[in-house]
A.B. asks: 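Dumping the structure here so I can ask a few things about it.
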Amino acid sequence: MFELRDRAMAEKIISKIRDMDQQIRIMHVCGTHQDTLVKHGLIDMLTQVGVEVRQGPGCPVCVTTPQEIEETLALARAGKTIAIFGDMLKVPSESGSLLKEKGKGADVRIVYGINEAIELAEKIENDVVFIAVGFETTAPATASILLGKPPKNFSVLCCHRTIPEALRILVTSGKVEIQGLLEPGHVSVITGSKMYDFLSKDYKIPQAIAGFEPLDVLMGVYLLARQIKNGEAKVENAYTRAVSPEGNLKAQAAMANVFEPCDVKWRGFPVLPGTGLKLRPEYAKWDARKKYSDILAPVYTREYDEPPGCKCGDVLRGEIEPQDCPLFGKVCNPSNPVGPCMVSFEGGCAIEYKYRRKS
Amino acid sequence: MAIPGKVIEITGDKAKIQYGEGVVNSANISLVEVRVGDYVLVHAGFAIQVLSEAEAMETIALWNEMLNTGGFPDA
Ligand code: SF4
């Protein structure tokens, strides 16, 4: 029921896009879209019919800042048990990486989700800190767990970010001119399609929500191309089997209960107002930043630079392609990643390396 | 990455979800209203949405129609 890979259909969509006979540039903000685009060769097919697809800041691990990585390292060094998604482990920062700390004896556990972090906290005595990264797709899970009053030895280092406001900044201040936005399917599952209306209304930008099968993505691109050709700007939904206008109201309610918006920096961007989530004061006892303020204080006394030579910021702003980075495939590769975009399976550089040009 | 699976058993906030032909895993269902037999999208151990099977079945038919009739330039 979910196999949307029919070749004839793909060719039909592509030829319809070709018939429009236009040169356009669109952007997506989703690591999984990038994976589908590159893995199935759609990016090249689309380029040939006049559609350039750029990737934006859609990889949650990649947009996590050096300061957040340093916070995690400080907690690991202070003896806390760190529960974290596997692809955060190798993200290098100035003072090391979690993988190195683990090698030196820190207690770092890979989990697939916050539910596993809770199970861990119930089993062991030590303090467990879950490093909560991710957009609207994962933030409701964090909220749901906190609503359930987790054990005392559990806390969350909240690094969640939200997409719609960040898109406003991309559209209004990006260096790269984009004519349409392909919206991330699984973020939209939670937010609903209505959440994007303001962008089309205020900035006249065409938008389409797409799922992750090749045909989902192609259909999303087709809808964008058609809007651009017709001079329209609205939100269209090519992922109706999962995304409704209102989204998942239960998940939204859980998030609203537990989090409040805050201003936060994204890697490659300045502080983006209102795009972060922090725990409301009622949840302070599970807020690692409050609970361990003494351990974390030294982290905030200075700024942290990006790894020398790394162009992840440019990649995340959609200004360059991974292979435009001089380190790509040479100094920087998956076994020796210089920046997070080469670490995460949703990172542009890792995807490019895996499926296509290795240098 | 979220993947679709079928709910085969529910116990409180937890459900057993079957993926494809075989693999069965547990997921938290506190964010959705589901019944046994529903398809859900699971992300990082949480079901985040119930999928509409009817919509899924119709997707291709709908798209075909859109491409044939509503497709540019004859739109
Ligand atoms: S190739 Fe490596 S160094 Fe260059 S931008 Fe990507 S992650 Fe950073």
Side-chain angles (χ1 to χ4, degrees), chain A residues 1-2 4 6 9 12-13 15-17 19-21 31-32 35 85 111-118 134 136-138 140-145 147-148 185-186 189-190 211-213 215-216 218-219 222-223 225-226 229-230 238-244 247-248 250-254 345-346, chain B residues 1-7 11-21 23-35 37-75:
Chain A
M1 103 185 234
F2 301 101
L4 292 171
D6 181 68
M9 178 89 180
K12 192 164 174 180
I13 300 173
S15 85
K16 285 284 176 181
I17 297 175
D19 290 349
M20 293 184 213
D21 190 24
T32 320
D35 190 88
F85 294 126
V111 293
Y112 287 102
I114 190 169
N115 45 342
E116 286 186 13
I118 285 290
E136 284 90 338
T137 326
T138 40
T142 305
S144 171
I145 290 293
L147 284 169
H186 295 143
V189 159
I190 305 296
F212 299 96
E213 294 290 343
L215 288 184
D216 286 325
L218 284 178
M219 201 59 201
Y222 164 78
L223 293 174
R226 195 173 64 165
K229 186 81 187 174
N230 289 338
Y239 198 29
T240 47
R241 65 186 186 279
V243 175
S244 65
N248 182 336
K250 221 174 160 182
Q252 289 170 27
F345 60 87
E346 291 183 281
Chain B
M1 182 79 185
I3 35 174
K6 190 175 184 175
V7 178
T11 325
D13 264 354
K14 297 230 166 89
K16 281 190 182 153
I17 315 282
Q18 180 166 24
Y19 302 95
E21 298 297 300
V23 185
V24 175
N25 256 323
S26 165
N28 183 307
I29 51 166
S30 64
L31 299 172
V32 289
E33 301 285 347
V34 281
R35 285 170 308 190
D38 285 344
Y39 281 88
V40 288
L41 260 185
V42 180
H43 179 81
F46 272 72
I48 57 169
Q49 186 64 294
V50 182
L51 292 168
S52 159
E53 188 168 11
E55 286 273 7
M57 298 298 212
E58 279 168 20
T59 295
I60 290 278
L62 272 170
W63 287 355
N64 251 318
E65 201 183 304
M66 192 185 289
L67 290 169
N68 289 338
T69 60
F72 203 87
D74 33 278

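Residue numbering restarts at 1 for every chain, and letters A, B, ... go by the order of the sequence lines. Predicted, not measured: the structure shown is a model, and the values here were computed from it.
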A.B. asks: Between A:A238, A:G31, A:S244, which residue shows the highest count of heavy-atom pairs closer than 4.5 Å to chain B?
C.D. replies: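 Counting heavy-atom pairs under 4.5 Å, the top option is A:A238.
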A.B. asks: Relative to chain B, which segment of A:L223 carries a heavy atom at a distance below 4.5 Å: side chain, backbone, both, or neither?
C.D. replies: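 Answer is side chain: those atoms of A:L223 sit under 4.5 Å from chain B.
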A.B. asks: Calculate, to the nearest 0.5 Å, the distance between atoms CG and OH belonging to B:L41 and A:Y239 respectively.
C.D. replies: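 It comes to 4.5 Å.
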A.B. asks: Any chance you could measure B:I3, atom CD1, to A:F212, atom CZ, to the nearest 0.5 Å?
C.D. replies: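 Between atom CD1 of B:I3 and atom CZ of A:F212 there are 13.0 Å.
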A.B. asks: Top residue by heavy-atom pair count (under 4.5 Å) with chain B, among A:K12, A:E116, A:M219?
C.D. replies: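 Heavy-atom pair counts peak at A:M219.
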A.B. asks: Top residue by heavy-atom pair count (under 4.5 Å) with chain B, among A:G113, A:A143, A:G185, A:A141?
C.D. replies: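 So the answer, after comparing A:G113, A:A143, A:G185, A:A141, is A:A141.
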A.B. asks: Heavy-atom distances under 4.5 Å only: say whether B:V32 touches chain A with side chain, backbone, both or neither.
C.D. replies: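 Contact with chain A: backbone and side chain both.
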A.B. asks: Within a radius of less than 6.0 Å around NZ of A:K250, do more than 12 heavy atoms belonging to other residues, nucleotides or ligands occur?
C.D. replies: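 Atom NZ in A:K250 is packed in, count exceeds 12.
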A.B. asks: Counting C-beta onward and ignoring hydrogens, is there a side-chain heavy-atom pair between A:S144 and B:F46 closer than 4.5 Å?
C.D. replies: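 Yes, their side chains come closer than 4.5 Å.
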A.B. asks: Quick check: closest heavy atoms across A:A254 and B:L31, and the distance to 0.1 Å?
C.D. replies: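 Shortest heavy-atom separation between A:A254 and B:L31 comes out as CB-CD2, 4.3 Å.
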A.B. asks: Decide if atom OH of B:Y19 counts as having more than 12 heavy atoms of other residues, nucleotides or ligands within a radius under 6.0 Å.
C.D. replies: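 Yes, because the 6.0 Å sphere around OH of B:Y19 holds more than 12 heavy atoms from other groups.
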A.B. asks: Indicate the atoms forming the closest heavy-atom contact of B:I48 with A:V189, along with that distance.
C.D. replies: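 That would be O-CG1, 3.7 Å.
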A.B. asks: Using a 4.5 angstrom heavy-atom cutoff, name the option from A:D35, A:N115, A:I190 with the most pairs to chain B.
C.D. replies: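 When all of A:D35, A:N115, A:I190 are compared, A:N115 has the most.
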A.B. asks: Return the option, out of A:T137, A:T32, A:T138, with the maximum number of heavy-atom pairs under 4.5 Å with chain B.
C.D. replies: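 Top count of heavy-atom pairs under 4.5 Å with chain B: A:T137.
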